[in-house]
2 protein chains.
Amino acid sequence: MEKKHYTRDDMAGLLRAHDINPTHQRIEIAYALFSRQAHLSADQIMAIVNDRHSETSKATVYNTLNLFRQHKLVREVIVDPSKVFYDPNTGPHHHFYNMQSGELIDINENDVQILGTPTLPDGMVAEGAEVIIRIRPQNP
Amino acid sequence: MEKKHYTRDDMAGLLRAHDINPTHQRIEIAYALFSRQAHLSADQIMAIVNDRHSETSKATVYNTLNLFRQHKLVREVIVDPSKVFYDPNTGPHHHFYNMQSGELIDINENDVQILGTPTLPDGMVAEGAEVIIRIRPQNP
DNA sequence: CCAATGTTTGGACTTTGTCTAATTTAATAC
DNA sequence: GTATTAAATTAGACAAAGTCCAAACATTGG
Ligand SMILES: [Mn+2]
Ligand SMILES: [Mn+2]
Ligand SMILES: [Zn+2]
Ligand SMILES: [Zn+2]
């Protein structure tokens, strides 16, 4: 879980490994997520990527994030009704959600045990179980 | 967990018990949720309430649902990035989310055990831990 | 009845996200 | 290299969920 220091070249390789053609925009978007190892919204990603020179359109940011999700390069985290967060960590883990600040904090999958996964409705298969613990400052 | 047969009068009492002035619109909205014991979006609630005669505006539906939430009469379930579901069951329980149909299915809190709630960040208090299991048809 | 307070309303507005048709870029074929 | 495709990006129109506001309406208590 130590932080790796990704380069943009690493991103190109990562994209190829997921059968994604590594264009300039896609590399920048992947780099924004993976170099920070953070949970970012599309808006935040767009701001990061276009920080210096405007490089990438809104349509491309959304296209790319959906592409990444389809190829399981990133995962969506849905905790805020008004925006989706993208998580470069696709392995099984859980989240604290700070309702005050909107910040997501990872919980190691081993720190939470889900016992007795209940029987699924017939013909259905689980996509994965996630735990979300909403937290807030003690004295609001 | 057997289904109770609520009347509109029950709703008025329920609202009063939660310090909410039971207006006609509020009673109808509460009745839509509690008589069905279902997970409904604001849109669905508005359609139900305005089924015969148009009775309630969009602003009032949203105002009322937020009021209900503040008074902990209902709970929000956030699983779909495009809409919030309102749950008349505020007790601790969990959810299957059918990604195909958009349907939410309750999981009894006893069917899932969350072991070892991880240590919270300092000065933070948990609002409750929820498990979401996303499911989909086996052969898509 | 009047005044005061609480509630509802239409419609403008904001935000997140999608869609489309046109353009740009990249890949492939000669 | 140049021509021909195919893939990717873009601006801006569009859609949907939700908020906001000032005006209208309802209720209560005197
Ligand atoms: Mn999405
Ligand atoms: Mn809300
Ligand atoms: Zn995470
Ligand atoms: Zn429920």
Side-chain angles (χ1 to χ4, degrees), chain A residues 8 11-12 15-16 18-33 39-50 53-71 73-87 99 102 104, chain B residues 8 11-12 15-16 18-33 39-50 53-71 73-87 99 102 104:
Chain A
R8 287 177 170 79
M11 292 302 101
L15 293 179
R16 276 191 214 94
H18 286 257
D19 286 314
I20 298 170
N21 193 5
T23 66
H24 177 52
Q25 287 89 337
R26 287 169 180 171
I27 287 170
E28 288 300 317
I29 290 170
Y31 186 69
L33 277 164
H39 308 86
L40 301 175
S41 67
D43 227 35
Q44 292 175 306
I45 291 167
M46 184 149 161
I48 291 168
V49 163
N50 290 332
H53 343 285
S54 182
E55 301 189 68
T56 307
S57 71
K58 183 174 66 152
T60 296
V61 170
Y62 280 102
N63 285 347
T64 299
L65 289 171
N66 283 328
L67 186 73
F68 285 2
R69 173 174 47 75
Q70 284 161 30
H71 290 254
L73 181 62
V74 303
R75 152 188 178 185
E76 291 184 345
V77 182
I78 298 167
V79 286
D80 182 317
S82 74
K83 68 186 71 145
V84 173
F85 287 99
Y86 290 88
D87 191 340
M99 301 168 77
L104 276 167
Chain B
R8 286 176 170 79
M11 293 302 101
L15 292 179
R16 275 190 215 95
H18 285 259
D19 286 314
I20 297 171
N21 192 6
T23 65
H24 178 53
Q25 287 90 336
R26 287 168 181 171
I27 288 170
E28 287 302 317
I29 290 170
Y31 185 70
L33 277 165
H39 307 86
L40 301 174
S41 66
D43 228 35
Q44 292 174 308
I45 290 167
M46 184 148 161
I48 291 169
V49 164
N50 290 330
H53 342 287
S54 182
E55 301 189 67
T56 306
S57 70
K58 182 173 66 149
T60 296
V61 170
Y62 280 102
N63 286 347
T64 300
L65 289 171
N66 283 327
L67 186 73
F68 286 3
R69 173 173 47 74
Q70 284 161 29
H71 289 254
L73 182 63
V74 302
R75 150 189 181 187
E76 291 184 343
V77 182
I78 298 167
V79 287
D80 182 318
S82 75
K83 68 186 68 140
V84 173
F85 288 98
Y86 291 88
D87 191 341
M99 301 170 76
L104 275 168

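Per chain, numbering begins at 1; letters A, B, ... match sequence-line order.
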Tell me, please, which residues at least two apart from [X] pass side chain to side chain contact (heavy atoms under 4.5 Å, CB included).
| X | result |
| --- | --- |
| Asp80(B) | Ser82(B), Lys83(B), Phe85(B), Tyr97(B) |
| Asn50(A) | Met46(A), Ser54(A), Glu55(A), Thr56(A) |
| Ile48(B) | Ala32(B), Arg36(B), Leu40(B) |

Among all residues two or more places apart in sequence or in another chain, which pass the side chain to side chain donor-acceptor pair (under 3.5 Å) test with [X]?
| X | result |
| --- | --- |
| Arg8(A) | Glu28(A) |
| Asn63(B) | none |
| Arg26(B) | none |
| Thr23(A) | none |

Atom pairs, N/O to N/O, protein against nucleotides 15-17 of chain D, distance under 3.5 Å?
none

Check the pair Ile20(A) / Leu73(A) against side chain to side chain contact (heavy atoms under 4.5 Å, CB included), numbers first and verdict last.
CA-CA 10 Å; Ile20(A) 298 170; Leu73(A) 181 62; 4.2 Å; yes
So does Ser57(A) get a side-chain nitrogen or oxygen closer than 4.0 Å to the phosphate oxygens (OP1/OP2) of dT10(D)?
yes
How would you summarise protein contacts on nucleotides 25-30 of chain D per nucleotide, using B for base, S for sugar-phosphate only and - for none, with heavy-atom distances below 4.0 Å?
------
With a 4.0 Å heavy-atom cut-off, tell me which residues in residues 18-25 of chain B come close to DNA chain C, sorted by residue number.
Asn21(B), Thr23(B), Gln25(B)
Any stems for DNA chain D, made of 3 or more Watson-Crick or G-U pairs in a row, each with both distances under 3.5 Å?
C:1-30 with D:1-30
Nucleotide of dG17(C), dT8(C), dG11(C) approaching Ala59(B) most closely (side-chain heavy atoms)
dG11(C)
